[in-house]
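Notes follow once the structure below has been shown.
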Amino acid sequence: MASRRGDGTPTFTEQARRGQLIECTIDLIASKGYPATSLAAIAEQAGLSKGAVLYHFASKDNLAQATFSYVIERFTAYVNDKVAAAPDPRAAVVAYVRAMIDYQRENRRHVRVITEVLLDDAGGTRLKNPGGHDTAGRWNALADLLAAGQQAGQLREFAPDTVALAIGGAIDGVVAHWLTHPELDLDAAADELVTFTLHAIEKRG
C-alpha cells in the first residue's frame with residue numbers, strides 16, 4: 001500500500017484509489033440506496049478488501065460524506081460556469097434555473113446520492129423537517145443573483161431569500177417527480193420553471 005507524503009497529503013496513487021472508491025459508492029447508492037450500500041459491497045465493487053477501503057476512508061459515513069462532497073462540488077461548478085457566462089443579472093437567474101435542471105438530468109446517479117445521503121443524515125431527519133432541504137444554505141447563491149438583479153434595476157422589489165427558497169423548492173419538486181416518473185419531459189418542465197421564475201421576479205408594468 002502506498003504511503004502518504006510526509007506532509008500528510010495523499011499520493012497520486014492514493015488519490016486515484018479514493019476516486020475509484022467514490023465512483024463505486026456513487027454506483028451502489030444510485031442502484032441500491034444508501035442503507036443497502038455497505039463497505040463490503042463497495043470493496044467488492046472496487047475489487048479490494050474491506051481493509052483497503054478503510055485505509056482510505058475510516059468508515060462508511062466518512063466515505064459517504066466524501067462522495068457527497070465530490071458530487072456537490074461538480075454540481076456547483078457546473079451551475080457556476082453557466083451563470084458566469086450569462087450577459088446580465090436577469091439572464092444569470094435564467095441560466096441558474098436551467099443549469100440546475102440540466103445537470104440533474106444528465107447526472108441522475110449524482111441526484112440519487114444527494115437525496116440518499118441527505119435523507120440519512122442526522123438520523124434521517126434533515127429532509128423530513130419543514131425547510132430542512134436548505135439546511136446548508138443551498139439557495140444562497142440564487143438569492144445573491146436575485147439581489148444583483150434588483151440592484152441592476154432589472155427585477156422588482158422582493159425578499160431575495162424567500163423567493164430563492166420558493167424557486168429552489170419548485171426545482172426540487174420537479175426533479176423529485178422526474179426521479180419517480182422518468183417519462184416527464186424535463187426540457188418542457190425547465191421551460192415552465194423559467195417562466196414561473198420570471199413571473200415571480202420581473203417588474204410589473
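Numbering starts at 1 and runs along the sequence shown.
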Q.
Does anything in residues 62-85 form a salt bridge (Lys or Arg N to Asp or Glu O under 4.0 Å)? List the pairs, not counting sequence neighbours.
A. none
Q: Among residues two or more places apart or on two chains, list those pairs meeting salt bridge (Lys or Arg N to Asp or Glu O under 4.0 Å) that have a residue in residues 29-56.
A: none
Considering only heavy atoms from C-beta outward, does the side chain of [X] approach that of [Y] to under 4.5 Å?
X: His56; Y: Leu63; value: no
X: Asp191; Y: Arg98; value: yes
X: Leu184; Y: Val174; value: yes
X: Phe57; Y: Gln65; value: no
X: Pro35; Y: Glu116; value: yes
X: Val71; Y: Ile114; value: yes
X: Tyr78; Y: Asp102; value: yes
X: Val163; Y: Pro160; value: no

When rounded to the nearest 0.5 angstrom, what is the spacing between [atom1] in [X] and [atom2] in [Y]?
X: Leu48; Y: Ile42; atom1: CG; atom2: CD1; result: 11.0 Å
X: Asp187; Y: Ile101; atom1: CG; atom2: CD1; result: 9.5 Å
X: Ser59; Y: Leu54; atom1: OG; atom2: CG; result: 8.0 Å
X: Phe75; Y: Asn107; atom1: CZ; atom2: CG; result: 8.5 Å
X: Leu145; Y: Tyr96; atom1: CG; atom2: OH; result: 8.0 Å
X: Phe68; Y: Tyr34; atom1: CZ; atom2: OH; result: 11.5 Å

Q: With sequence neighbours left out, write down each residue that passes side chain to side chain donor-acceptor pair (under 3.5 Å) with Glu202, or none if nothing qualifies.
A: Arg90
Q: Not counting sequence neighbours, which residues clear side chain to side chain donor-acceptor pair (under 3.5 Å) with Tyr103? List them please.
A: His110
Between [X] and [Y], what is the shortest heavy-atom contact and its length?
X: Leu193; Y: Ala170; value: CD2-CB, 3.8 Å
X: Pro89; Y: Gly149; value: CB-CA, 3.5 Å
X: Ala164; Y: Ala143; value: CB-N, 3.7 Å

Under 3.5 Å, is there a donor-acceptor pair between the side chain of [X] and the main chain of [Y]?
X: Gln151; Y: Ala148; value: no
X: Arg108; Y: Leu179; value: yes
X: Gln154; Y: Gln150; value: no

Indicate every side-chain donor-acceptor pair of residues 20-30 with a distance under 3.5 Å to a residue at least two apart or in another chain.
{"unit_1": "Gln20", "atom_1": "OE1", "unit_2": "Arg17", "atom_2": "NH1", "d": "2.6"}
{"unit_1": "Gln20", "atom_1": "NE2", "unit_2": "Ala46", "atom_2": "O", "d": "3.1"}
{"unit_1": "Glu23", "atom_1": "OE1", "unit_2": "Arg109", "atom_2": "NH2", "d": "3.4"}
{"unit_1": "Glu23", "atom_1": "OE2", "unit_2": "Tyr70", "atom_2": "OH", "d": "2.9"}
{"unit_1": "Thr25", "atom_1": "OG1", "unit_2": "Leu21", "atom_2": "O", "d": "2.7"}
{"unit_1": "Asp27", "atom_1": "OD1", "unit_2": "Arg109", "atom_2": "NH1", "d": "2.2"}

(Q) Show me the pairs that pass side-chain hydrogen bond (donor to acceptor under 3.5 Å, both in side chains) and involve residues 175-185, at least two apart or across chains. (A) none
**Q.** Identified side chain to side chain contact (heavy atoms under 4.5 Å, CB included) partner of Thr197 from the options Val97, Ile171, Val94
**A.** Val97
